[in-house]
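First the structure, in the form of structure tokens, and then the observations on it.
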Protein chains: 2
Amino acid sequence: MAIFSKTCEYAIRAVFYIALKTVAGGRVGIKDIATGIDSPELYLAKILQDLSRKGLISSVKGPHGGFFIEPPSLSRPLSDIVEAVDGDSLFYGCGLGLKQCSEVNPCPLHNEFKDIRDRIHKLLNTTTIGEFNSELIDGLLSLKK
Amino acid sequence: MAIFSKTCEYAIRAVFYIALKTVAGGRVGIKDIATGIDSPELYLAKILQDLSRKGLISSVKGPHGGFFIEPPSLSRPLSDIVEAVDGDSLFYGCGLGLKQCSEVNPCPLHNEFKDIRDRIHKLLNTTTIGEFNSELIDGLLSLKK
DNA sequence: TTAATAAAAGACAAAAATATCTTTTATTAA
DNA sequence: TTAATAAAAGATATTTTTGTCTTTTATTAA
Ligand code: FES
Ligand code: FES
């Protein structure tokens, strides 16, 4: 098991890719994105439709259409994507699956797990969609399998 | 998405429960365990069969039979359970799902994620199956939903 | 206005995870 | 040795996740 669902992994990588192409000027088609992040095109299309409905990314149909990200969204945190796709159990849920994480009725891992969970939350809260654009352009970071 | 699969959550809670009952003296039946950790009995049976085959827990059939844990296994780390059930991608895999986590071709989250991942690994490596027995007996910790 | 383009939407399919049911095997106690 | 007990094993079912295919809608350029 990975930390994120496959859907969420695709979503994050795709949003990074769209951000990159947006600042490089212009819109980017689903085929281009799917190739750029090594994901199944039609599945990714569904994911992006969802993110689009939720306002995280934007799109226009027709010739020269495609996906892009509004400038303000470039500074939204990754946690917005994760929450939209995987929900918030990673941020607030009990590591051992108890109905709810609680200080008064904690599971054995509660104290240690809480710290780790908060750390994950903090990482995703303080990392923005647009912040890796230059490293991605320079090829210092990868979005491909 | 939670950190562990449901199967793994059940597995960990069940192993804690069996450890508890083992030190309290004796074997514990699947019905008792399922009730004790709030899990579907027959599904849990499958999980425990697997853990038993892998040597993490033991069992005997027949009257007064049930599950128990060999004393040496009480000091095995939780990571053994997690690895047996969910594999090791949580410990070594790329957070964004790249084929493999790499220093030379890292994903955008690599540096931060690596630390978190190592922290999870360390927690599970240094936490043993038997170490919560007294708190569980005292009711300070919970295994029930 | 028409043809081409590209995303949206809806239906469907395959695979994996989760859960249940039934039969078999091992063990114990009477 | 027999009957009762309890886990193991095997088969099946359900749900969720992941993935694909087809049709529709919006947009643009000619
Ligand atoms: S109760 Fe399990 S993490 Fe808080
Ligand atoms: S490359 Fe993604 S976590 Fe290391």
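Quick note on labels: first sequence line is chain A, next is B, and so on, each numbered from 1. In this text the structure is predicted, and so the values were computed from the model without any measurement.
One can place OH of A:Tyr43 at 18 Å from C1' of C:dA7, the figure rounded to the nearest angstrom. Rounded to whole Å, the distance from CD1 on B:Ile47 to P on C:dA19 is 8 Å. Rounded to a whole Å, the CG atom of B:Asp38 is 12 Å from the P atom of C:dA19. Rounded to a whole Å, the NZ atom of B:Lys31 is 14 Å from the P atom of D:dA8. Atoms CG (A:Leu44) and P (D:dG19) sit 10 Å apart, rounded to a whole Å. As a whole-Å value, the separation of B:Ile30 CD1 from D:dA9 C1' is 14 Å. The nearest whole Å value for the distance from the CD atom in A:Glu41 to the P atom in D:dT20 is 10 Å. Atom pair A:Gln49:CD and D:dG19:P shows a separation of 16 Å (rounding to whole Å applied).
An OP1 or OP2 oxygen of C:dA8 is reached within less than 4.0 angstrom by a side-chain nitrogen or oxygen of A:Ser52. Taking 4.0 angstrom as the limit, A:Ser59 places a side-chain polar atom (N or O) nearer than this to OP1 or OP2 of C:dA8. Regarding contacts with the backbone of C:dA19, a side-chain N or O of B:Tyr10 is found under 4.0 angstrom from either OP1 or OP2.
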Exercise for the section: Go ahead and write out DNA chain C as dot-bracket, 5' to 3': ( ) for pairs within the strand, [ ] for ones crossing earlier pairs, | when the partner sits on another strand, dots for unpaired; Watson-Crick or G-U wobble, both distances under 3.5 Å. Expected result: ||||||||||||||||||||||||||||||
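Side chains of B:Cys94 and B:Cys107 form a contact here, defined as non-hydrogen atoms less than 4.5 Å apart. When side chains are defined from C-beta on, A:Gln100 does not count as touching B:Lys145, because their heavy atoms never get closer than 4.5 Å. Side-chain atoms of A:Leu74 and A:Thr128, non-hydrogen and from C-beta on, never get closer than 4.5 Å to each other.
A:Leu140 belongs to no hydrophobic cluster with other residues, because no ILVMFWY side-chain heavy atom falls under 4.5 Å from its own, directly or through intermediates. Annotation for B:Met1: hydrophobic cluster partners, listed by chain and number, are A:Met1 (ILVMFWY side-chain heavy atoms under 4.5 Å, direct or chained).
Residues satisfying the salt bridge (charged side-chain N to carboxylate O under 4.0 Å, His left out) criterion with A:Arg27, sequence neighbours excluded, are absent altogether. The side chain to side chain contact (heavy atoms under 4.5 Å, CB included) test applied to A:Pro63 returns no partner, not counting sequence neighbours. Residues that satisfy the salt bridge (charged side-chain N to carboxylate O under 4.0 Å, His left out) test with B:Asp115, not counting sequence neighbours, are A:Arg119. Residues forming a salt bridge (charged side-chain N to carboxylate O under 4.0 Å, His left out) with B:Lys6 (at least two apart in sequence, or on another chain): none.
Sorted by first and then second residue, the ring pair (Phe, Tyr, Trp, His ring centres under 6.0 Å) pairs with a member in residues 45-69 of chain A form an empty list; sequence neighbours excluded. Note on residues 121-145 of chain B: pairs passing ring pair (Phe, Tyr, Trp, His ring centres under 6.0 Å), not counting sequence neighbours, are B:Phe16-B:Phe132, B:Phe91-B:His121, B:Tyr92-B:His121.
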Handout entry: Nucleotide-resolved protein contact map, nucleotides 21-30 of chain D, B/S/- at heavy-atom distance under 4.0 Å
Key = B---BBBBS-
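Closest to the side chain of B:Arg53, out of D:dA9, C:dT20, C:dA8, is D:dA9.
Note on B:Lys54 versus B:Asp50: salt bridge recorded, some NZ/NE/NH1/NH2 to OD/OE distance being below 4.0 Å.
Within 6.0 Å of NZ on B:Lys144 lie more than 12 heavy atoms contributed by other residues, nucleotides or ligands.
Judged purely by distance below 3.5 Å, without hydrogens or angles, the side chains of B:Ser5 and B:Tyr10 never pair a donor atom with an acceptor atom.
If you check residues 2-9 of chain A against DNA chain D, the residues with a heavy atom closer than 4.0 Å are A:Ser5, A:Lys6, A:Thr7, listed by number. Listed in residue order, the members of residues 92-101 of chain B having a heavy atom less than 4.0 Å from DNA chain D come to none.
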